[in-house]
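The residues of the chain are indexed from 1 along the displayed sequence.
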Amino acid sequence: MHELSLCSAIADSVRDHARGRPVQTINLRIGHLRQVVPDTLRFCWSMQSDDSELADSELAIDHVPAVVHCSTCGASTTLEHPIPVCGTCGSGEVVMVSGEEFLITSIDLVPEQVAGA
């Protein structure tokens with residue numbers, strides 16, 4: 001279950017950037033080819049953040065499809081399987097356009113009036 005180690009890395013990065021301010025949401029972009037199970041990631045996040053300053057935060061996951069661009073015919077194809085071939089002409093001469101991302105895109109902090117209440 002590599003999701004637990006991913007959550008540990010997310011928590012470290014969020015703590016560094018939040019600088020002690022309360023965090024509401026961590027926005028992630030996760031590519032289809034990363035083989036991350038969203039429900040497992042959220043479960044691991046609840047274990048990782050429990051009893052910490054991140055306990056009330058949530059993960060918001062933007063799923064990014066795997067897309068390749070074909071050098072042979074010029075088509076862009078969304079992959080259903082992790083086999084990088086053009087869905088139009090079948091060529092293996094493709095360039096990965098998206099689907100390998102794993103990014104924290106933003107961190108939403110608790111508004112100050114709520115945090116200070």
Is it true that, when you exclude [X] itself, more than 12 heavy atoms of the residues, nucleotides or ligands shown sit nearer than 6.0 Å to its [atom1]?
| X | atom1 | value |
| --- | --- | --- |
| E58 | CD | no |
| D12 | CG | yes |
| D56 | CG | no |

For [X], check side-chain hydrogen bond (donor to acceptor under 3.5 Å, both in side chains) against everything at least two apart and list the hits.
| X | answer |
| --- | --- |
| S71 | none |
| E53 | R15 |
| H69 | S76 |
| T88 | none |

Does the [X] side chain pair with the main chain of [Y], one donor and one acceptor, at a distance under 3.5 Å?
| X | Y | value |
| --- | --- | --- |
| S52 | S49 | yes |
| S98 | P65 | yes |
| Q48 | A11 | no |

Pair listing, salt bridge (Lys or Arg N to Asp or Glu O under 4.0 Å) test, anchored in [range], at least two apart:
| range | result |
| --- | --- |
| residues 81-95 | none |
| residues 70-85 | none |
| residues 17-32 | R29-D62 |

Could you tell me the separation between the [atom1] atom of [X] and the [atom2] atom of [Y], rounded to the nearest 0.5 Å?
| X | Y | atom1 | atom2 | result |
| --- | --- | --- | --- | --- |
| C7 | L59 | SG | CG | 6.0 Å |
| E101 | L28 | CD | CG | 12.5 Å |
| L54 | I26 | CG | CD1 | 6.0 Å |
| I10 | F102 | CD1 | CZ | 4.0 Å |
| H2 | R34 | NE2 | CZ | 9.0 Å |

Please write out which residues are connected to V67 in a hydrophobic cluster, directly or through intermediates, given that two of Ile, Leu, Val, Met, Phe, Trp, Tyr count as joined at side-chain heavy-atom separations below 4.5 angstrom.
V97
Considering only Ile, Leu, Val, Met, Phe, Trp and Tyr, and joining two whenever side-chain heavy atoms are under 4.5 Å apart, list the other residues clustered with V85.
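V85 shares its hydrophobic cluster with I83.
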Excluding sequence neighbours, so at least two apart, what forms side chain to side chain contact (heavy atoms under 4.5 Å, CB included) with [X]?
| X | value |
| --- | --- |
| A60 | T25, N27 |
| I107 | V14, H17, V23, I104, L109 |
| R42 | P38, D39, I61 |

With a 4.5 Å cut-off on side-chain heavy atoms, are D108 and S106 touching?
yes
So do the side chains of S91 and C73 get within less than 4.5 Å of each other, counting heavy atoms only?
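Heavy-atom side-chain distance check fails, nothing below 4.5 Å.
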Where is the tightest heavy-atom contact between L4 and M47, given as atom of each residue plus distance?
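For L4 versus M47, the nearest heavy atoms are CD1-CE, 4.0 Å.
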Please step through side chain to side chain contact (heavy atoms under 4.5 Å, CB included) for the pair H32 and L79, ending with a clear verdict.
CA-CA 9 Å; H32 180 71; L79 302 177; 5.8 Å; no
For the hydrophobic clusters of this structure (ILVMFWY residues joined by side-chain heavy atoms under 4.5 Å, transitively), does one cluster hold both V64 and I30?
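Unlinked, V64 and I30 end up in two clusters.
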I'd like to know if V36 and W45 are part of one continuous hydrophobic network [Ile/Leu/Val/Met/Phe/Trp/Tyr, side-chain heavy atoms within less than 4.5 Å].
yes
